[in-house]
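Scroll down for the structure; my scribbles are underneath it.
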Amino acid sequence: MTAPKALVAGNWKMNGLLASREEIKKLNFLVAQGGAGCDVLICPPATLISTLMGKGIDIGAQDCHMALSGAHTGDISAAMLKDLGCHYVIVGHSERRADHGETNDMVKAKASSAQGQGLTAIICVGETDGEREKGATLDVVTSQVTGSIPAEATAENTVIAYEPVWAIGTGKVPTTDDVAEVHGVIRSLLTDRFGPAGATVRIQYGGSVKASNAAELMSVPNVNGALVGGASLKAEDFYGIIKTYQD
Ligand code: 13P
């Protein structure tokens, strides 16, 4: 089975105003000029999704509620994201697990809701600094992967993003050996779960990815793209990461 096509996704988090449409225009221009040897996705804040649709770059979301509609003030459902034309939604980002107390069961229900609407769920996993120091990385990642993938998920509508919490926004990155080890474990969990099709599920690395370290990180076995925070906010920086798949 051939390696899956990489997915380089930008997670803008709670950043971006209407003026950020300019960055998407620039990014479209850069991708149109220079090409991309990978799939490219931007997940802006929900307020910008509809304003960025149809401009070339695939636009996804950062979260969805587990229910499709109802009395959930302030929340957004997978049905609403589908309605806007999204194909992807991030679920279980560590910032949501920490800030909103999201458990594996909640992440699983969100992924299930998204997949039920025909969206691909980008399910985030990753250990904290404390867990890493205790040597619990593989146990934490294993329980998050197995606990967050819905029963009815398929290899086609699932992406896993491995984001060590201590590497997010800190400029610290794991060694390539550490990334290879964790991604290898995730790959075997995916083949246990999906059979041979598990080899086609994309496993992104996220945490302080930038143009200067992307080539090294993206060349690690079982790394099929990146989930990028800070370096996705400026089109030139983000394209510097995308471009590693062209070289
Ligand atoms: P940074 O790239 O800013 O470290 O953020 C990573 C991340 O959390 C992407 O979801």
Side-chain angles (χ1 to χ4, degrees), residues 1-9 11 37-39 90-98 102-104 107-108 111 120-149 153 155 158-232 241-242 244-245 247:
M1 212 155 298
T2 52
K5 188 172 187 193
L7 172 65
V8 174
N11 172 10
C38 58
D39 290 333
I90 298 168
V91 292
H93 191 282
S94 61
E95 287 150 15
R96 294 209 58 93
R97 289 180 187 260
E102 292 190 6
T103 61
N104 289 335
V107 175
K108 178 158 62 176
T120 294
I122 301 176
I123 300 172
C124 300
V125 300
E127 81 286 1
T128 63
D129 207 13
E131 289 163 342
R132 177 175 70 128
E133 274 169 15
K134 277 192 285 179
T137 297
L138 297 179
D139 287 346
V140 168
V141 168
T142 296
S143 68
Q144 288 178 333
V145 170
T146 54
S148 304
I149 299 179
T158 304
V159 173
I160 303 293
Y162 169 57
E163 300 202 301
V165 178
W166 53 270
I168 294 177
T170 59
K172 295 187 208 158
V173 286
T175 65
T176 51
D177 283 352
D178 286 345
V179 175
E181 183 182 29
V182 177
H183 280 239
V185 166
I186 296 172
R187 179 66 68 206
S188 53
L189 293 168
L190 292 169
T191 49
D192 288 350
R193 174 71 176 72
F194 296 115
T200 66
V201 176
R202 289 173 293 189
I203 309 173
Q204 298 176 303
Y205 168 79
S208 296
V209 178
K210 37 188 191 272
S212 58
N213 62 17
E216 190 179 23
L217 287 163
M218 297 304 108
S219 67
V220 174
N222 289 307
V223 173
N224 315 116
L227 185 55
V228 184
S232 70
I241 297 167
I242 293 166
T244 59
Y245 282 99
D247 302 337

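Closest approach of V209 and V228 over heavy atoms only: O-CG1, 3.8 Å. Of all heavy-atom pairs spanning Q204 and L7, the tightest one is NE2-O, 2.8 Å. The minimum heavy-atom distance linking G225 with V8 is given by the pair CA-CG2, 4.4 Å.
Judged as a salt bridge (charged side-chain N to carboxylate O under 4.0 Å, His left out), not a single pair has a partner in residues 171-184 (not counting sequence neighbours). Residues in residues 175-208 take part in these ring pair (Phe, Tyr, Trp, His ring centres under 6.0 Å) pairs, two or more places apart or across chains: Y162-H183. Among pairs with a residue in residues 195-214, those fulfilling salt bridge (charged side-chain N to carboxylate O under 4.0 Å, His left out) read D39-R202, at least two apart in sequence or across chains.
Under the rule for a salt bridge (Lys or Arg N to Asp or Glu O under 4.0 Å), the partners of R96 that lie at least two apart in sequence or sit in another chain are D63, E102. K134 pairs by the salt bridge (Lys or Arg N to Asp or Glu O under 4.0 Å) definition with nothing, not counting sequence neighbours. R187 meets the side-chain hydrogen bond (donor to acceptor under 3.5 Å, both in side chains) test with N222, N224; sequence neighbours excluded. Scanning for salt bridge (Lys or Arg N to Asp or Glu O under 4.0 Å) contacts around D129 gives R132, with sequence neighbours left out. T128 is linked by a side-chain hydrogen bond (donor to acceptor under 3.5 Å, both in side chains) to E131, counting only residues two or more places apart in sequence or in another chain. With sequence neighbours left out, the side-chain hydrogen bond (donor to acceptor under 3.5 Å, both in side chains) criterion links S148 to R97, N104.
Looking at I90 and N11, their side chains come closer than 4.5 Å, going by heavy atoms from C-beta outward.
Between the side chain of Q144 and the backbone N or O of G126, at least one donor-acceptor pair lies under 3.5 Å. Judged by distance alone, with hydrogens and angles left aside, the side-chain atoms of T191 form no donor-acceptor pair with the main-chain N or O of G198 at under 3.5 Å.
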